[in-house]
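It should be emphasised that the depicted structure is a prediction, and the values quoted were computed from it without experimental measurement.
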Amino acid sequence: MQILEYPKRLLSIAETINRWAGALAALDRTRRAKVARYALSIADTLGRAARFSARLAAAPDDRVAERGVIREFGRITGYLETLVGVLQHHLDGRKLAGVKRRLDELGPGRTPGGREPQQSAKIRVDRLLAAEGYFRALADSLRV
């Protein structure tokens with residue numbers, strides 16, 4: 001998968017998980033807190049990815065920003081896999097199947113590598129920021 005597809009897929013996952021807020025409210029307090037922490041960690045990571053993406057758009061040859069984007073996307077994927085693992089036995093299979101399928105598309109072997117810096121500079125920062133907002137809203141709803 002090309003790096004340009006990541007923000008779109010991440011936003012799709014964020015929207016899906018955010019729709020689960022009602023089902024997640026039924027989790028015990030400890031599990032809700034754990035999911036909220038993961039959601040905040042994902043949101044923070046999405047924020048860093050957005051900042052690196054904006055920096056890369058301004059300077060397409062910025063290798064530090066390019067590596068930062070790739071590192072944050074990898075971290076997001078790991079957080080999402082952990083989050084799905086936490087929820088594995090608390091949500092029905094249909095709810096998890098779509099996110100698992102999207103995670104597989106983001107997973108190892110499909111990470112954004114070998115692309116041109118100019119391509120990386122075209123990442124949709126607005127989608128990253130929207131996904132960040134969805135995860136912050138999820139965390140807020142679980143902490144109430």
Side-chain angles (χ1 to χ4, degrees), residues 1-25 27 30-91 93-144:
M1 173 192 312
Q2 295 191 359
I3 196 167
L4 296 177
E5 289 294 311
Y6 264 60
K8 181 178 179 182
R9 302 277 167 101
L10 291 170
L11 180 55
S12 173
I13 292 170
E15 290 169 339
T16 299
I17 292 175
N18 202 54
R19 284 193 295 262
W20 299 348
L24 296 177
L27 294 174
T30 303
R31 284 209 168 74
R32 270 196 334 266
K34 189 174 187 178
V35 172
R37 281 193 310 273
Y38 279 118
L40 282 177
S41 295
I42 293 167
D44 291 342
T45 303
L46 284 162
R48 285 190 303 274
R51 286 190 297 278
F52 278 125
S53 297
R55 185 171 144 186
L56 192 57
D61 293 329
D62 185 340
R63 292 298 215 195
V64 172
E66 184 179 23
R67 285 191 305 272
V69 167
I70 293 167
R71 181 178 46 254
E72 297 305 330
F73 283 169
R75 184 174 286 147
I76 292 164
T77 302
Y79 280 137
L80 288 171
E81 288 173 355
T82 301
L83 181 62
V84 168
V86 168
L87 300 175
Q88 186 79 35
H89 303 291
H90 300 284
L91 295 173
R94 290 175 303 155
K95 286 183 177 175
L96 290 173
V99 170
K100 283 183 179 181
R101 187 178 62 252
R102 290 180 187 108
L103 281 174
D104 286 342
E105 293 171 354
L106 297 178
R110 295 189 178 93
T111 54
R115 77 254 146 265
E116 299 290 320
Q118 293 80 13
Q119 182 187 31
S120 300
K122 296 177 185 173
I123 293 169
R124 294 281 307 266
V125 174
D126 59 333
R127 287 183 176 152
L128 292 173
L129 294 173
E132 177 186 3
Y134 275 104
F135 280 105
R136 289 196 189 286
L138 175 62
D140 291 346
S141 70
L142 292 171
R143 290 184 301 191
V144 180

Nearest 0.5 Å, what's the OG1-NZ distance between T82 and K34? 8.5 Å
Just verifying a value: how many Å separate L129 CG and Y134 OH, rounded to the nearest 0.5 Å? 13.0 Å
Let me know which of T45, L10, L80 forms a side-chain contact (heavy atoms from CB on, under 4.5 Å) with F135. L80
Roughly how far apart are L142 CG and R31 CZ, rounded to 0.5 Å? 13.5 Å
Quick check: closest heavy atoms across A131 and L11, and the distance to 0.1 Å? N-CD1, 3.7 Å
At their closest point, which heavy atom of A49 faces which heavy atom of E72, and how far apart are they? CB-CB, 3.8 Å
Interatomic distance, E81 atom CD to I76 atom CD1 [nearest 0.5 angstrom]: 12.5 Å
Closest heavy-atom pair, Y79 versus S41, reported as atoms and distance to 0.1 Å, is CZ-CB, 3.7 Å
Output yes when R136 and D44 qualify as a salt bridge under the 4.0 Å nitrogen-oxygen rule, no when they do not. yes
State, with a plain yes or no, whether a side-chain heavy atom of I42 is found less than 4.5 Å away from one of L138. no
Kindly give the heavy-atom pair with the smallest separation between E132 and A43, and that separation in Å. CG-O, 3.3 Å
At their closest point, which heavy atom of R55 faces which heavy atom of D62, and how far apart are they? NE-OD2, 2.7 Å
Might you confirm whether atom CZ of F52 has over 12 heavy atoms from other residues, nucleotides or ligands at distances under 6.0 Å? yes
What one should report as the nearest heavy-atom pair of V125 and S53 is CG2-CB, 3.7 Å
